[in-house]
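See below for the structure under consideration.
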Protein chains: 2
Amino acid sequence: MAELTERGRRTRQRIVEATGRQILAAGIGGTSLDDVRAATLTSKSQLFHYFPGGKAELVRAVAEWEGGELLAAQLPHLEDLSTRASWEAWRAALVDYYIGQGRWACPIGSLANEAAVGDPELAALVADTFRQWASRLAAGVRRMQGVGEVDAAADPDRVAASILSAIQGGLVLSQPLHDPWPLEAALDQALHALDAPAVRT
Amino acid sequence: MAELTERGRRTRQRIVEATGRQILAAGIGGTSLDDVRAATLTSKSQLFHYFPGGKAELVRAVAEWEGGELLAAQLPHLEDLSTRASWEAWRAALVDYYIGQGRWACPIGSLANEAAVGDPELAALVADTFRQWASRLAAGVRRMQGVGEVDAAADPDRVAASILSAIQGGLVLSQPLHDPWPLEAALDQALHALDAPAVRT
DNA sequence: TCGTCATTGGACTGCATGGTCCAGTTCCTA
DNA sequence: TAGGAACTGGACCATGCAGTCCAATGACGA
């Protein structure tokens, strides 16, 4: 695709964002290039001009973009998470991203589900976003342990994975009901791991 | 489709099970009727003979069948869950169903994700399986509360939803890694809700 | 002003797929 | 044992979709 001018970059970005919206609403299979063409007022040739690899490359670009957006939506809290208040602020930002902004599904989680099989490159991108996300959460848990707020015996990586799972699983349940309560219940329960400075049984 | 003879029932069942396997491995979009035809050594006309509604009806039949199988795989523990040991046995059966038998994804969860949009009837079937499942878990939590094993102040429905979320979310993370640890970590963390007879903060 | 390269438009192709149709076979039953 | 209904085989059709091609247009530097 050689060089991109300013106009080119904007067109490309417009395609990526519209495709992301369509995928979130209808899945990869439910997103045809003609849909994208219509939504972006572009032409077939432009799609292949900016994404010579075709639909697969376009979807990968969407995965990268959405991954960045997802993590960005959790800032600045995601980089802090050193106090219970910071965790609560993070939680609020996350729920707003999913529910408040009407997504009702995780752009990355749905990609993980639909395309983990069939496109290893895409799976790697998705896995990488999960990895970055989990490492931030684990770092937050360690900060909580550092100040004695959380049991030092807890494994931060396991706690981070369980919180991430609560988010993804909560969305699976919330989506068909179109009700945020399963997501919030799962998230709250998972965050209780931060409320146990002492050990048990 | 009028009456079904024994042979007819078996052919129909063979189609449902093969379709289920294919959907689990490749998703609905990745499952063509020709795939099913080849895998079952049947013909196009048989598919439409047993499922006049076409692919959509076939997928719905798969959802019903898989829902039943999923709950059945958790028996008899799912109907007990009155002791910590019973919960552990249930957990083991569940992990075996997903990992031990090589599924690496939830048949119902993946349907929920891919088709919740676009087929309200299918979404209703999926939601119903989740409802049945959650109600069994909640009943187990209540039994634990009844014998004083679990804090009576906990909301059994919220605990059940969080456990279900841990399963679904854990699978989302485990699937691309092809490693059961996120599922197990999420499940264990969620089950810790059963280990707190006393209240917190 | 000219040339070149990024950009855009849209017709066209080939193929996979869901779905239809009808003829042939098997099986139950009266 | 005959008739009808359930069952099976596979050719065929229509369509939607990813991907190709080429010509036209716009922008920017020399």
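No hydrogens, no waters, no symmetry mates; every other heavy atom, side chains included, goes into these values. Quick note on labels: first sequence line is chain A, next is B, and so on, each numbered from 1.
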Looking only at side-chain N and O atoms, does A:Q22 offer a donor or acceptor that is under 3.5 Å from a partner on A:T19?
no
Between B:S110 and B:N113, do the side chains contain an N or O donor and an N or O acceptor separated by less than 3.5 Å?
no
For a quick test of reading the model: is some side-chain N or O of B:T11 closer than 4.0 Å to OP1 or OP2 of D:dT8?
yes
Got more than 12 heavy atoms from elsewhere within 6.0 Å of CZ, A:R9?
yes
pair A:K55-A:V36: side-chain heavy atoms closer than 4.5 Å
no
Which angle, rounded to 10°, do you find between the first-five-pair axis and the last-five-pair axis of the helix from C:dT1-D:dA30 to C:dA30-D:dT1?
10°
Assign A:S32 to base, sugar-phosphate, or nothing according to its heavy-atom contacts below 4.0 angstrom with the strands shown.
sugar-phosphate
Does the side chain of A:Y50 get closer than 4.0 angstrom to OP1 or OP2 of C:dA6 through an N or O atom?
no
Hey, is the side chain of B:R37 poking within less than 4.0 Å of OP1 or OP2 on C:dG18, counting only N and O atoms?
no
Sugar-phosphate only, base, or nothing, as touched by A:K44 at under 4.0 Å among non-hydrogen atoms:
base
Just checking B:T31: base, sugar-phosphate only, or nothing, at a heavy-atom cut-off of under 4.0 Å?
sugar-phosphate
To the nearest angstrom, the CG-C1' distance between A:L33 and C:dG9 comes to 16 Å
Nearest whole angstrom, please: distance from the P of D:dA11 to the CG of B:D34.
12 Å
What is the separation between atom NZ on B:K55 and atom P on C:dA16, rounded to the nearest whole Å?
15 Å
May I ask you to test the B:L137-B:W90 pair for a side-chain heavy-atom distance under 4.5 Å?
yes
In whole angstroms, the gap separating C1' of C:dT8 from NE2 of A:H49 amounts to 9 Å
Grab the CG-C1' distance between B:D119 and C:dG18 for me, whole Å please.
15 Å
For the residue pair A:D80 and A:S82, confirm or rule out a side-chain donor-acceptor distance under 3.5 Å.
yes
Of the candidates D:dA18, C:dT20, C:dA6, the side chain of A:F48 sits closest to D:dA18
For D:dC7, does OP1 or OP2 lie under 4.0 Å from any side-chain N or O of B:Q46?
no
Of the listed D:dC21, C:dT20, D:dA18, the closest approach to the A:S45 side chain comes from D:dC21
Write down the distance between CD (A:Q22) and P (D:dA18), rounded to a whole number of angstrom.
11 Å
Please report the distance, rounded to the nearest Å, between CZ in A:R10 and P in C:dA6.
19 Å
Tell me the interatomic distance from B:F51, atom CZ, to C:dG18, atom C1', rounded to whole angstroms.
15 Å
Could you go step by step and tell me if A:V59 and A:L122 meet the side-chain contact (heavy atoms from CB on, under 4.5 Å) rule?
CA-CA 8 Å; A:V59 172; A:L122 178 58; 3.8 Å; yes
Criterion side-chain hydrogen bond (donor to acceptor under 3.5 Å, both in side chains) on A:Q168 and A:S165, from CA distance to verdict:
CA-CA 5 Å; A:Q168 297 299 324; A:S165 296; over 6 Å; no
If you look at every strand shown and take non-hydrogen atoms under 4.0 Å, does A:T5 touch a base, only sugar-phosphate, or nothing?
sugar-phosphate
